[in-house]
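For the numbers below, each heavy atom of this structure counts, side chains included, while hydrogens, waters and symmetry mates do not. Each residue takes its place number in the sequence, starting with 1.
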Amino acid sequence: MAKKPKPQLRANLLKNRSTRQRKNDFTRDVEVDADRVFELKSSERVRGRNEMSRKRTISGATLDGNRIVLEIDPEKALYGRVLSSVGSTQCTVQVEDGRRFMCSVRRIVRTVARETRNAVVAGDKVWITASDETTGVIERVEPREGVLSRGHQNREHILVANVSQMLIVGSAAQPNLKPALIDRFLVSAGKGGVHPIVCVNKIDLVDPVELVSLLGWYSQIGCDVVMTSVTTGYGVDRLRQLLKNEQTVFAGQSGVGKSSLLNAVQPGLSLQTGQVSEVTQKGKHTTRYTQLLPLIEGGWVVDTPGIRQMELWDVRPEEIEGYFVEFRPFVALCRFPSCRHYREEDCAVIRAVQMDLIPRVRYESYLRMMLGDDA
Ligand SMILES: Nc1nc2c(ncn2[C@@H]2O[C@H](COP(=O)(O)OP(=O)(O)OP(=O)(O)O)[C@@H](O)[C@H]2O)c(=O)[nH]1
Ligand SMILES: [Zn+2]
């Protein structure tokens with residue numbers, strides 16, 4: 001039987017390396033599709049075609065709607081998850097049967113990625129072919145859901161992909177609970193499209209009744225809420241249940257007990273924090289990178305310094321209001337459509353705060369974020 005020809009896809013690719021250019025060999029229809037695929041920024045689109053883009057034929061790819069899908073060999077390919085990616089070239093992938101492979105990335109995978117730097121990131125679901133027992137090549141990256149990133153648009157740096165929830169850890173005391181910080185993390189979770197869980201640890205140090213009203217508010221705006229004490233073991237089982245089969249990023253200020261909680265959930269977990277030595281012109285540095293820690297009961301957690309310090313995640317001031325979900329019923333009632341709910345006349349949000357329909361702590365968090373006061 002004649003061998004089925006490999007599907008071919010002609011696409012207008014962002015030029016990411018300088019090889020020969022082909023001119024005048026495009027068809028208009030495909031070109032439009034390809035533009036959609038790459039969602040070129042308008043600034044890039046107005047540049048001369050020869051400067052920024054060129055035509056290429058990709059063998060072994062098909063178009064699924066707007067997306068280029070790279071062909072894989074179903075007999076050979078293994079499905080897995082990227083546990084860590086150092087410099088986006090050396091990726092550790094754990095496949096479904098639990099084996100781990102150190103993988104490089106097939107060049108075409110970078111070529112079809114919208115941004116080469118983010119072609120493969122920790123958390124990605126990928127198809128690989130094994131070269132031997134311990135090494136392999138990444139052949140395809142599945143579409144991402146729940147992406148935590150830093151920076152904007154074409155300067156975006158994706159920290160971790162396919163996160164389903166964020167565990168926002170605070171401590172009842174030592175250090176004191178900081179609702180403003182919890183609220184910042186909530187905005188980040190909202191922006192990344194991941195479900196928030198508010199965890200208040202060290203409840204052995206206070207009377208839990210003091211926390212009920214605040215935590216009630218968090219529960220009302222759709223967060224899961226859990227109180228824990230690593231010292232007494234209170235709440236640890238419930239936390240373990242919340243983490244099971246989920247992809248969870250740990251966030252929270254230093255000293256609140258994130259590492260202690262990880263170890264309480266699964267002994268030894270927090271010791272696995274990733275570290276690499278990097279030699280640069282300024283000498284040798286130790287860089288910690290994003291690493292997924294698989295849970296024995298299913299799912300995985302991410303606990304990385306870069307992700308813990310969420311103040312790095314830029315959210316524009318005018319975006320913030322949208323992440324304070326309890327403001328929503330009132331925003332439309334403000335006199336000015338552009339109301340920032342700060343000093344404007346006839347602001348329905350401020351009225352709602354005065355009537356205790358919106359908790360004052362949440363409103364204060366909003367103002368701090370909107371006005372850029374991180375103190
Ligand atoms: N009383 C009390 N102390 C706790 C509890 N959980 C953690 N601690 C203590 O709090 C301190 C900080 O805990 P860590 O687990 O290192 O906190 P962390 O959030 O990982 O801190 P960073 O690594 O700096 O981000 C340690 O001395 C822990 O023993 C708790 O539930 N109750
Ligand atoms: Zn207003």
Establish, from distance only, whether the side-chain atoms of Arg81 and Gln94 form a donor-acceptor pair under 3.5 Å. no
Side chains of Val349 and Phe324 in contact at under 4.5 Å (non-hydrogen atoms): no
Would you indicate whether Glu133, at its atom CD, is surrounded by more than 12 heavy atoms from other residues, nucleotides or ligands within a distance under 6.0 Å? no
Please answer whether the main-chain N or O of Ile158 pairs with a side-chain N or O of Asn118 as donor and acceptor at a distance below 3.5 Å. yes
On a heavy-atom basis, which atom in His341 and which in Glu321 lie closest, and how many Å separate them? NE2-OE1, 2.7 Å
Answer whether the closest heavy-atom distance between the side chains of Leu243 and Gln165 falls below 4.5 Å. yes
Salt-bridged, Arg335 to Glu344, with N to O below 4.0 Å? no
Evaluate the ring planes of Tyr79 and Trp127, with Trp represented by its six-membered ring, and classify them as parallel (under 30°), tilted (30 to 60°) or perpendicular (over 60°). tilted
Under 30°, 30 to 60°, or over 60°: which ring-plane class applies to Phe327 and Tyr366, parallel, tilted or perpendicular? perpendicular
Where the side chain of Arg328 meets the backbone of Gly322, is there a donor-acceptor pair that is under 3.5 Å apart? yes
A side-chain contact here means heavy atoms from C-beta on lying under 4.5 Å apart; do Val206 and Leu177 qualify? no
So do the side chains of Leu292 and Val160 get within less than 4.5 Å of each other, counting heavy atoms only? yes
Nearest heavy-atom neighbours spanning Leu367 and Tyr342: CD2-CD1, 3.7 Å
Can you tell if the side chain of Asp204 reaches within under 4.5 Å of the side chain of Tyr234, non-hydrogen atoms only? no
Verify the distance criterion only: is there a donor paired with an acceptor across the side chains of Ser260 and Asn263 at less than 3.5 Å? no
Side chains of Ser171 and Asn201: any donor to acceptor distance under 3.5 Å? no
Determine, using the 4.5 Å side-chain heavy-atom cutoff (strictly less than), whether Val141 and Leu70 are members of one ILVMFWY cluster. yes
Arg362 backbone acceptor or donor facing Asp183 side chain under 3.5 Å: no
Is Ser365 reaching over with its side chain to a backbone N or O of Val361, donor-acceptor style, under 3.5 angstrom? yes
Within a reach of under 6.0 Å around CD of Glu142, are more than 12 heavy atoms found that belong to other residues, nucleotides or ligands? yes
Other residues, nucleotides, ligands: >12 heavy atoms within 6.0 Å of Tyr323 OH: yes
